[in-house]
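So the structure is just underneath, and the comments pick up after that.
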Amino acid sequence: MVVGIELSDDEIDRVFHALAAATRRDILRRTLSAEYSVSTLAREYDMSFAAVQKHVTVLEAAGLIVKRAEGRERLVRADPEMIARARALLARYEELWRARIDRLDALLAEPAGTPGTTQEPKNDPRSNEGE
């Protein structure tokens, strides 16, 4: 699967908002492996059908799940393409922070006395003046 389209700022906001709730993350996890009706999902949680439906709506708005009608039921499944796009975004953030940490590690590993560091002079004859 090739993921070539970057997420817009609005899409990023919707994805992070959708993933901010544990129930939505669990719904997404469940729908990765199978398609479920909203009513079946609702039975898995200690909340009303309407509350689960709202969670599904947030996930759908973020593009993380796809909902389709089959008769009177609404079936949902995870959208692997959008999940891959979100994963690519997180991988870019990870690369950014790893590079920053690597630069910080290199800076902290510089031996004393190299450019950019300060160190008191050793055995400076001027320091013994007046003794």
Side-chain angles (χ1 to χ4, degrees):
M1 173 185 306
V2 176
V3 179
I5 301 172
E6 289 193 23
L7 297 171
S8 70
D9 286 342
D10 286 341
E11 288 173 314
I12 293 168
D13 290 345
R14 285 191 298 268
V15 166
F16 280 119
H17 173 71
L19 296 175
T23 300
R24 291 192 289 268
R25 290 190 304 272
D26 190 61
I27 290 170
L28 185 60
R29 181 190 57 79
R30 289 172 190 270
T31 60
L32 280 169
S33 60
E35 190 173 55
Y36 288 91
S37 70
V38 176
S39 56
T40 299
L41 285 170
R43 286 192 290 268
E44 300 294 323
Y45 303 100
D46 188 24
M47 61 182 72
S48 68
F49 174 85
V52 172
Q53 177 60 37
K54 286 181 183 181
H55 284 299
V56 168
T57 300
V58 170
L59 289 164
E60 185 180 25
L64 293 167
I65 63 168
V66 177
K67 185 167 45 170
R68 69 178 183 88
E70 186 173 288
R72 297 182 71 189
E73 289 194 306
R74 299 298 175 257
L75 301 174
V76 296
R77 65 176 169 76
D79 182 353
E81 184 178 328
M82 179 55 102
I83 293 169
R85 292 172 68 197
R87 185 173 184 223
L89 169 71
L90 293 173
R92 286 193 303 278
Y93 284 142
E94 180 181 9
E95 288 172 20
L96 171 78
W97 282 104
R98 285 189 185 276
R100 288 181 178 182
I101 290 169
D102 290 345
R103 287 194 306 269
L104 181 59
D105 284 345
L107 179 66
L108 294 174
E110 284 182 4
T114 58
T117 63
T118 59
Q119 177 181 352
E120 294 200 22
K122 294 180 182 175
N123 298 326
D124 185 358
R126 290 174 288 170
S127 66
N128 293 331
E129 290 179 17
E131 285 185 29

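Because the structure is a prediction, the values reported are computed rather than measured.
Separating the CD1 atom in Ile83 from the CD atom in Glu81 is a distance of 11.0 Å, to the nearest 0.5 Å. Atom CG of Leu96 is separated from atom CD1 of Ile101 by 9.5 Å, given to the nearest 0.5 angstrom. Rounding to the nearest 0.5 Å places CG of Asp105 at 14.5 Å from CZ of Arg100. The line from CG of Leu7 to CZ of Arg14 is 9.5 Å long, rounded to the nearest 0.5 Å. In this structure, OH in Tyr93 is found 5.0 Å from CD1 in Ile12, a value given to the nearest 0.5 Å. In this structure, CG in Leu108 is found 4.5 Å from CG in Leu104, a value given to the nearest 0.5 Å.
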Verdict with supporting geometry, Leu64 and Leu19, side chain to side chain contact (heavy atoms under 4.5 Å, CB included): CA-CA 9 Å; Leu64 293 167; Leu19 296 175; 3.9 Å; yes

List the steps, then state whether side chain to side chain contact (heavy atoms under 4.5 Å, CB included) holds for Phe16 with Leu90. CA-CA 11 Å; Phe16 280 119; Leu90 293 173; 3.8 Å; yes

Any chance you could lay out the side chain to side chain contact (heavy atoms under 4.5 Å, CB included) test for Val76 and Val38, step after step, and finish with the verdict? CA-CA 7 Å; Val76 296; Val38 176; 4.1 Å; yes

Step by step, would you call Arg25 with Leu28 a side chain to side chain contact (heavy atoms under 4.5 Å, CB included)? CA-CA 5 Å; Arg25 290 190 304 272; Leu28 185 60; 5.6 Å; no

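Here the closest non-hydrogen pair linking Ala42 and Val52 is CA-CG2, 3.7 Å. Minimum interatomic distance between Arg24 and Ala18 (heavy atoms only, all atoms of both residues): NE-O, 3.0 Å. Closest approach of Tyr45 to Arg30, counting heavy atoms only: OH-NE, 3.1 Å. Annotation for Ala21 and His55: closest pair CB-CE1, 4.5 Å, computed over non-hydrogen atoms. What you find for Leu32 and Ala78 is that their closest heavy atoms are CD2-CB, 3.6 Å. Across all their heavy atoms, Val15 and Ala86 have their closest contact at CG1-CB, 4.0 Å.
Looking at Glu73, its side chain never comes within 3.5 Å of a backbone N or O of Glu70 through a donor-acceptor pair. Put simply, the side chain of Thr40 never gets that close to the backbone of Tyr36: no donor and acceptor are under 3.5 Å apart. Not one N or O on the side chain of Arg74 forms a donor-acceptor pair closer than 3.5 Å with the backbone of Ala69.
The number of heavy atoms from other shown groups lying within 6.0 Å of CZ (Arg29) is above 12. Counting non-hydrogen atoms of other residues, nucleotides and ligands closer than 6.0 Å to CZ of Arg87 gives a total of 12 or fewer. Within a 6.0 Å radius of CZ in Arg72, other residues, nucleotides and ligands contribute 12 heavy atoms or fewer.
Between Glu6 and Glu11, every side-chain heavy-atom pair lies at or beyond the 4.5 Å cut-off.
In summary, of the residues considered (Arg77, Lys67, Lys54), a salt bridge (Lys or Arg N to Asp or Glu O under 4.0 Å) with Glu60 occurs for Lys67 alone.
Met82 and Leu59 fall within a single hydrophobic cluster, where Ile, Leu, Val, Met, Phe, Trp and Tyr side chains are chained together by heavy-atom contacts under 4.5 Å.
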